[in-house]
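Read the structure below first, then the notes.
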Amino acid sequence: MRTYLHPIGGWAGGLRLLAGLALLAACAPSAAAQQRKYLVELGAAGAYQSFDKELQLGGAAGGLGRVGVWLPLNFSLEVEGLFTSPKTDPGNTGVSVRNVGVSGLYNILIGSSSSAFLRGGFGSTKYGGDCPTVSNPLACGSSTALIAGAGFRIGVTPTVMVRTDGMLLRNRSAGSSLRESQTIVNYGASLGVSVMLGSKPILDADGDGVLDNRDRCTDTPPGASVDGRGCPSDGDSDGVPDGVDRCPTTVAGAAVDNRGCSKDSDGDNIPDGLDRCPDTPAGVLVDPRGCPKDSDADQIPDGLDRCSETPRGATVDALGCPGDEDGDGVLDGLDRCPRTATGAAVTPTGCPPGQAPTRPGAAQPSAAPPPAAQPPAQANAPRPSTGQPQPNVRPDTLGRPLQRPNVSVPSRAAGAARGALSAGVIPGVAFVPGTARLQSSSYVALDSIADLLRANPDARIEIGAHTDNSGSAADNLRITALQAEAVRDYLVVKGIGYQQLVARGYGSSVPRTPDTTPAARAANRRVELRPVAAGP
């Protein structure tokens, strides 16, 4: 008979076998998460075992049985028995070899139902019987064994697997027929079937695609994006996971709603959480902290302030515009002689030359107020001694005389006189370009309209604002609506009843001229007055 003399090549060959199996297990692709939880493994296999050359035994086929219990963290523990009947080289005598061992396995899960594993343990190898006189007296007795190996399982069904193993048994002799402390190394391989008893499907409680056995965050909200551990990602760190977050680039520190979008309680475009003044009134311009800006420090915030360049110390109305009660060109609040006689010459303090101030402690202007800061409605108002005021005629941008609307403006001295209101363009009404902020040159015409409306308390008028077609229709409609409201607000501050006024923005829908020259565009930017029927 041919003798099987260590065909794998001693320790070096065994180590190469184990390294190859370990590399196979480590490099196997993970196609999907393991879908079942295993409890008990029963297996049977055909085996082949080779023996150390010192034993003078040929390699032989045999059978193998095992039972294993799966533990947490992908470990398992199993008991295995291997039975072979090799023949001795001299004499061709059969010898029964039985290997029994206990091994611990670390299982590397691959795909949905397959796995690779590494194993290590200890056991016992028994050769023949009681060492009768045979041609090979070494092939008898028993010895302890250290077990090492690797292998893999391939799932055929969720509970049935094909299993293959490679193992090394390192025996320390103990029998009388072997030299004391002699080391024997045997190798084996097996191919068989394992049945997983009591296995259960692994659930995905939060439906995030990561099964519970691998999910480190089992309460992920529906729709959230998760990493390989099953935990939600949150790119903008706002507490709302990606996938659920409808605003995934929220600024750090901003308060968000349940959709992940910034909240802005006061509508000032500074999100809550970053807004240091969260109750800013609507329409107010704010700084980067969300607090109102007040460029001229008159206590009327920018955005609501129709006269945002008021000199410091001047008294202003609800629209932020200064007054001049005595019409001497020095604004109230800066005027140290606030009741100067009409027409009297005054110094920059508002007092006639040589007259002591009657209002000590008032703010002293550094120079005469600029003309733009004076309310023309009072500074240029006709004096009672001049009689009826003359129409204010000025050329428009087309070079034509621009008349006041067809209204009869009563003398302020006459007081109760009533004038007629008819449709027309209000001359001289202008706004800071691109805004709804009245320029101070608008006050003369608007004060005259206020006089007429006070004299006609039953009259009701529409204030229509128009612009040219240089912007989009939506933007034009919005800015003219704000401009019409600004004119109405001014008249209300002048004492006109809110119910007498209707404000409407027409955008560029009703041009005066279809021309697109700069002069024609300027003519189309206007405010018109139109009497309307009183409501019921």
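One-based numbering along the sequence shown.
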Legend entry - Separation between CG of L39 and CH2 of W70, rounded to the nearest 0.5 Å: 10.5 Å
Legend entry - Exam field: side chain D287 to backbone R289, donor-acceptor pair closer than 3.5 Å: yes
Legend entry - Stepwise side chain to side chain contact (heavy atoms under 4.5 Å, CB included) check, R478 with L482: CA-CA 6 Å; R478 180 183 62 82; L482 294 174; 3.8 Å; yes
Inset, instruction - Can you measure from SG (C291) to CG (D279) and round to the nearest 0.5 angstrom? - result: 9.0 Å
Inset, instruction - Check N524, T480, D468, N469 against S508 for a side-chain contact (heavy atoms from CB on, under 4.5 Å) and give me the one that passes. - result: N469
Inset, instruction - Could you check if a side-chain atom of V527 sits within less than 4.5 angstrom of a side-chain atom of Q483, using non-hydrogen atoms only? - result: no
Legend entry - Student check: side-chain heavy atoms of I300 and L319 closer than 4.5 Å: no
Legend entry - Nearest heavy-atom neighbours spanning I461 and L453: CD1-CD1, 3.8 Å
Inset, instruction - Output yes when a side-chain donor or acceptor of D294 lies under 3.5 Å from a complementary backbone atom of D298, and no otherwise. - result: yes
Legend entry - Approximate separation, where rounding is to 0.5 Å, of M161 CE and M196 CE: 4.0 Å
Inset, instruction - Could you tell me whether the side chain of C337 reaches within less than 4.5 Å of the side chain of Q355, counting heavy atoms only? - result: yes
Legend entry - Heavy-atom pair of closest approach, residues P357 and C351: CA-SG, 3.8 Å
Legend entry - Within-4.5 Å side-chain heavy-atom neighbours: N74 and Y106: yes
Legend entry - Least distance between heavy atoms, D296 atom then R312 atom: O-CG, 4.1 Å
Legend entry - From OG1 (T435) to CD1 (I479), nearest 0.5 Å: 6.0 Å
Inset, instruction - Enumerate the residue pairs fulfilling side-chain hydrogen bond (donor to acceptor under 3.5 Å, both in side chains) with a member in residues 230-245, sequence neighbours excluded, ordered by first and then second residue. - result: S233-D242, D236-T250
Inset, instruction - Check the side chains of N107 and S76 for a donor-acceptor pair under 3.5 angstrom, ignoring hydrogens and angles. - result: yes
Inset, instruction - Please name the pair of heavy atoms, one in P292 and one in V284, separated by the smallest distance, quoted to 0.1 Å. - result: CB-CG1, 3.5 Å
Inset, instruction - Would you confirm whether N456, through its side chain, and A459, through its main-chain N or O, come within 3.5 Å as a donor-acceptor pair? - result: no
Inset, instruction - Could you tell me whether the side chain of S225 and the main chain of P232 form a donor-acceptor pair under 3.5 Å? - result: no
Legend entry - Note, Y38 side chain near S113 side chain (heavy atom, < 4.5 Å): yes
Inset, instruction - Can you measure from CG (D489) to CG (L491) and round to the nearest 0.5 angstrom? - result: 9.0 Å
Inset, instruction - Output, in order, the C-alpha distance, side-chain angles, deciding distance and verdict of side chain to side chain contact (heavy atoms under 4.5 Å, CB included) for R521 and T513. - result: CA-CA 8 Å; R521 289 180 184 274; T513 172; over 6 Å; no
Inset, instruction - Apply side chain to side chain contact (heavy atoms under 4.5 Å, CB included) to the pair L105 and F75, showing each step before the final yes or no. - result: CA-CA 6 Å; L105 282 72; F75 287 95; over 6 Å; no
Inset, instruction - Measure from the side-chain N and O atoms of R276 to the backbone N and O of L274, and report whether any donor-acceptor pair falls under 3.5 Å. - result: yes
Legend entry - Expected output: side-chain E41 to main-chain V69 donor-acceptor under 3.5 Å: no
Inset, instruction - For T340 and V346, work out which heavy atoms get closest and say how close. - result: CG2-CG1, 3.6 Å
Legend entry - Reported CG-to-SG distance for the pair L438 and C321, which is rounded to 0.5 angstrom: 7.5 Å
Legend entry - Side-chain (D305) to main-chain (P301) donor-acceptor, under 3.5 angstrom: no
Inset, instruction - May I ask you to decide whether R530 forms a salt bridge with E528, counting only side-chain N to carboxylate O separations under 4.0 Å? - result: no
Legend entry - Minimum side-chain heavy-atom gap V487-L446 below 4.5 Å: yes
Inset, instruction - Would you indicate whether the side-chain heavy atoms of V492 and L501 approach each other to under 4.5 Å? - result: yes
Legend entry - Trace of the side chain to side chain contact (heavy atoms under 4.5 Å, CB included) decision for V286 with D302: CA-CA 8 Å; V286 297; D302 296 352; over 6 Å; no
Inset, instruction - Using a 4.5 Å cut-off on heavy atoms from C-beta on, say whether the side chain of C247 contacts that of S262. - result: no
Legend entry - D324 side chain vs D328 backbone, donor-acceptor pair below 3.5 Å: yes
Legend entry - Under the ring pair (Phe, Tyr, Trp, His ring centres under 6.0 Å) test, residues paired with Y506 that sit two or more places apart: H466
Legend entry - Atom of D268, atom of D266 and distance for their closest heavy-atom approach: OD1-OD1, 2.9 Å
Legend entry - Main-chain N/O of V444 paired with S448 side-chain donor or acceptor, under 3.5 Å: yes
Inset, instruction - Please answer whether the main-chain N or O of F431 pairs with a side-chain N or O of Q439 as donor and acceptor at a distance below 3.5 Å. - result: yes
Legend entry - Pair D272, S265: side-chain N/O donor-acceptor within cut-off below 3.5 Å: yes
Legend entry - Any side-chain donor near an acceptor of the partner, R153 and S115, under 3.5 Å: yes
